A.B. asks: 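Structure in structure tokens, see below.
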2 protein chains.
Amino acid sequence: MLLTDRQVLILQVIVDDFIRTAQPVGSRSLSKKEEILFSSATIRNEMADLEELGFIEKTHTSSGRVPSEKGYRYYVDHLLLPQKLNRSEIQTVRSIFAEQIYELEKIVQKSARILSELTSYTSIVLGPTVNENKLKKLQIIPLNQDTAIAIIVTDTGHVENRTFHFPASVDPGDVEKMVNILNERLSGIPLVDLNTRIYKEVASILRQHIKSYDVLMGSLSETLSIPASEKVFFGGKTNMLNQPEFNDIDKIRNLMTMIEQEDGISQIIRKNPKGINVKIGRENNNSAMDDCSLITATYSIGDEQLGTIAVLGPTRMEYSRVISLLDFISADLSKVLTNLYQNK
Amino acid sequence: MLLTDRQVLILQVIVDDFIRTAQPVGSRSLSKKEEILFSSATIRNEMADLEELGFIEKTHTSSGRVPSEKGYRYYVDHLLLPQKLNRSEIQTVRSIFAEQIYELEKIVQKSARILSELTSYTSIVLGPTVNENKLKKLQIIPLNQDTAIAIIVTDTGHVENRTFHFPASVDPGDVEKMVNILNERLSGIPLVDLNTRIYKEVASILRQHIKSYDVLMGSLSETLSIPASEKVFFGGKTNMLNQPEFNDIDKIRNLMTMIEQEDGISQIIRKNPKGINVKIGRENNNSAMDDCSLITATYSIGDEQLGTIAVLGPTRMEYSRVISLLDFISADLSKVLTNLYQNK
DNA sequence: TTTAGCACTCGTTAGGTGAGAGTGCTAACA
DNA sequence: TGTTAGCACTCTCACCTAACGAGTGCTAAA
């Protein structure tokens with residue numbers, strides 16, 4: 001089932017051409033390309049073979065050929081030439097980090113916007129998994145007799161806040177004491193571990209010093225055990241509407257609805273392992289994305305993987321360019337973030 | 001130019017029918033309605049008059065009639081019978097407030113979702129204008145030598161946070177002292193007034209106690225003068241895709257793009273005065289909304305207007321039901337919020 | 001004033017035609 | 001044996017036409 005060099009060449013040209021024009025590619029128009037040195041009849045024979053092998057398809061009996069998912073897969077796995085970004089693209093990406101920003105989320109959000117502008121596809125960026133961030137400071141601010149806000153600040157400058165209730169009988173002094181103890185003992189602990197740490201190591205100390213220990217800890221622990229919201233940022237949500245393959249209302253409806261309820265897509269993205277990943281069409285296991293490809297790249301601080309940055313486009317996507325861009329942005333992002341947060 | 005009773009009746013039936021079916025209404029089908037006691041020929045004559053007066057239109061020379069914007073306007077201004085909400089609708093609305101929530105934003109967000117589910121249109125809720133909220137507590141959390149997060153908590157449980165930079169030379173003790181003084185003096189002041197208050201009343205005290213007064217105040221004041229982000233919440237963004245009038249890709253593109261860049265729509269909504277307002281089609285002054293109507297209602301705490309809750313639907317919208325719903329929700333919302341925050 | 005009747009208009013649908021692009025197959029060629 | 005020219009065939013698309021139906025405006029009678 002190995003492809004001959006000529007078949008590979010033809011497949012390559014078909015995919016490139018279709019990506020550019022969104023039109024089925026015929027043997028005659030192929031034979032006119034300068035890199036093709038044989039006749040349309042020969043091409044027809046090769047195309048028939050490629051079709052039998054499942055790399056290309058016809059939209060109807062006498063149409064030109066269109067890459068199949070298998071064809072795209074082969075193209076992505078074997079035929080991709082990494083594309084060099086041009087000066088203006090590099091500059092645009094760098095502008096993400098130009099302003100002096102400290103908040104991780106803002107940087108990530110801006111990345112999503114820039115990425116969608118550069119590709120004219122939809123970009124999706126999963127914010128850092130806040131749960132892994134380390135506690136910088138915990139504060140509790142009473143709002144009235146039985147309500148207070150717990151504010152959790154992480155080492156990445158993320159601020160998470162939650163309102164919680166407790167009996168009015170609790171002594172405000174106790175709360176303050178508790179917060180002090182917690183900060184002393186829990187600074188630097190990942191948010192996800194806070195609760196276990198409290199019970200394992202801090203509980204006994206607290207019990208000694210705090211009168212209304214039971215009640216307070218009940219409320220607080222419940223509050224802390226809510227996982228931090230994983231933020232998802234989008235860029236160019238409506239860009240897909242401009243792709244010629246989405247001139248069908250039903251497809252748009254499905255896709256937009258899928259994008260709008262952020263959970264589904266963010267889970268699909270989160271499944272992808274470290275590095276760059278390409279999922280083509282039905283490989284995404286989501287019927288609304290049957291005509292879409294998703295390219296993901298992870299970013300990190302030091303060795304710790306933080307989040308994922310992704311581009312959603314039609315299967316007829318400019319894989320080469322998008323991969324180069326994602327590669328570049330995720331590397332830059334990791335570099336900047338590592339500088340910012342690594343040694344602190 | 002006064003309409004006869006019969007003309008009014010016919011207009012009413014046409015609008016009602018068109019809202020229900022989205023199909024142009026012909027004289028024959030009208031004559032079959034039980035409330036219509038005269039022949040189709042009579043109706044044709046009346047329709048011709050109504051058309052001449054601009055209340056209804058034909059889509060082509062021999063089509064049935066469709067309400068014009070002027071027709072909808074008349075309908076909304078004179079023919080609307082307030083509709084009683086049924087038990088299950090009331091229950092659904094009340095469920096917004098069922099859980100014990102303190103954070104204003106969460107309540108508002110949930111309202112948007114429920115509203116879009118009940119109407120199957122798109123709902124937009126402008127969050128409370130945070131700038132008017134009063135300062136409950138200000139905290140400054142240093143992240144490293146030259147960066148810190150300012151956390152502002154308002155009396156409505158809203159938490160606003162901003163990262164800012166300052167020279168490494170600043171004494172941490174100074175920062176703490178400053179925060180204490182600021183909290184003592186500024187508690188209860190609306191956010192928007194913080195800066196002026198600081199300079200007017202607190203500056204002299206600070207200058208006495210804080211060594212690096214100038215530098216610190218420079219950074220902080222800059223940080224505080226950024227207006228708090230006015231949050232906009234959407235519900236059912238894609239609901240419009242299900243409306244038969246939006247089976248045109250271009251219309252969808254325009255509308256979705258407009259919705260997606262939240263600024264435009266939130267400004268249009270913000271312009272509306274207190275109470276319930278209906279803007280029909282081009283009255284919205286936005287070409288993407290030419291086929292849409294926007295109904296807004298304001299909500300408040302006590303006498304203080306807080307935000308706006310709105311429904312965006314096709315001009316062929318169920319005005320009566322939506323208005324009743326908005327009326328009910330905004331009243332309930334105001335009631336609950338007033339109870340929660342008024343006397344504190 | 002109301003209504004029945006009728007000619008007319010226009011949109012929609014179905015069927016038909018021709019052009020164009022592309023294919024598969026066959027047979028000749030190098 | 002691989003390559004190519006030629007040709008019949010297929011399918012889409014754009015365009016036209018005819019028939020149908022829903023609806024109108026007008027006229028004349030009740």
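Lettering of chains follows the sequences in order, A, B, ..., and the numbering in each one begins at 1. Keep in mind the model is a prediction, meaning the values are calculated, not measured.
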A.B. asks: Under 4.0 Å between a side-chain N or O of A/Arg6 and OP1 or OP2 of D/dT3?
C.D. replies: yes
A.B. asks: Quick one: does any side-chain atom of B/Tyr121 pair with a main-chain N or O of B/Glu318 as donor and acceptor, under 3.5 Å?
C.D. replies: yes
A.B. asks: Would you say a side-chain N or O of B/Lys58 is under 4.0 Å from OP1 or OP2 of C/dG11?
C.D. replies: no
A.B. asks: Regarding D/dG25, can its base be found pairing with the side chain of B/Arg44 as donor and acceptor, where the two atoms are less than 3.5 Å apart?
C.D. replies: yes
A.B. asks: With DNA chain C as reference, determine whether A/Met47 or B/Ser40 sits nearer its 5' end, using the nearest nucleotide of each.
C.D. replies: B/Ser40
A.B. asks: Select base, sugar-phosphate, or nothing to describe what B/Thr42 touches, counting heavy atoms under 4.0 Å on all strands.
C.D. replies: base
A.B. asks: Hey, does the side-chain of B/Ser39 have a donor or acceptor N/O within less than 3.5 Å of a partner on the base of C/dT3?
C.D. replies: no
A.B. asks: In whole angstrom, give the distance that lies between atom CD of B/Gln23 and atom P of C/dG11.
C.D. replies: 15 Å
A.B. asks: With a 4.0 Å limit, can you tell me whether B/Arg65 has a side-chain N or O closer than that to the phosphate oxygens OP1/OP2 of D/dT24?
C.D. replies: yes
A.B. asks: Measure distances between side-chain N and O atoms of A/Ser62 and base N and O atoms of D/dT10, and say whether any donor-acceptor pair falls under 3.5 Å.
C.D. replies: yes
A.B. asks: Quickly work out the B/Asp49 CG to C/dT2 C1' distance and round it to whole Å.
C.D. replies: 14 Å
A.B. asks: Can you tell me which residue pairs pass the salt bridge (charged side-chain N to carboxylate O under 4.0 Å, His left out) test with a partner in residues 282-292 of chain B, sequence neighbours excluded?
C.D. replies: B/Glu69-B/Arg282, B/Arg73-B/Glu283, B/Lys251-B/Asp291
A.B. asks: Test your reading of the model: is there a side-chain donor-acceptor pair from A/Lys237 to the backbone of B/Met256, 3.5 Å cut-off?
C.D. replies: no
A.B. asks: Please report the distance, rounded to the nearest Å, between NE2 in B/His60 and C1' in D/dG21.
C.D. replies: 11 Å
A.B. asks: Return the value, rounded to whole Å, for the distance between atom CD of B/Glu46 and atom C1' of D/dC26.
C.D. replies: 16 Å
A.B. asks: Would you kindly give the CZ-to-P distance between A/Phe38 and D/dA5, to the nearest whole Å?
C.D. replies: 14 Å
A.B. asks: What integer distance in Å separates A/Asn45:CG from C/dC25:C1'?
C.D. replies: 9 Å
A.B. asks: Which value, rounded to the nearest 0.5 Å, describes the distance between B/Glu262 atom CD and B/Ile269 atom CD1?
C.D. replies: 10.5 Å
A.B. asks: Anything under 30° is parallel, anything over 60° is perpendicular, the rest tilted; go ahead and classify A/Tyr74 against A/Phe55.
C.D. replies: perpendicular
A.B. asks: If I take atom CD1 in residue A/Ile56 and atom P in nucleotide C/dT23, what distance separates them, rounded to the nearest angstrom?
C.D. replies: 9 Å
A.B. asks: Given atom CZ of A/Phe18 and atom P of C/dG22, what is their separation to the nearest angstrom?
C.D. replies: 13 Å
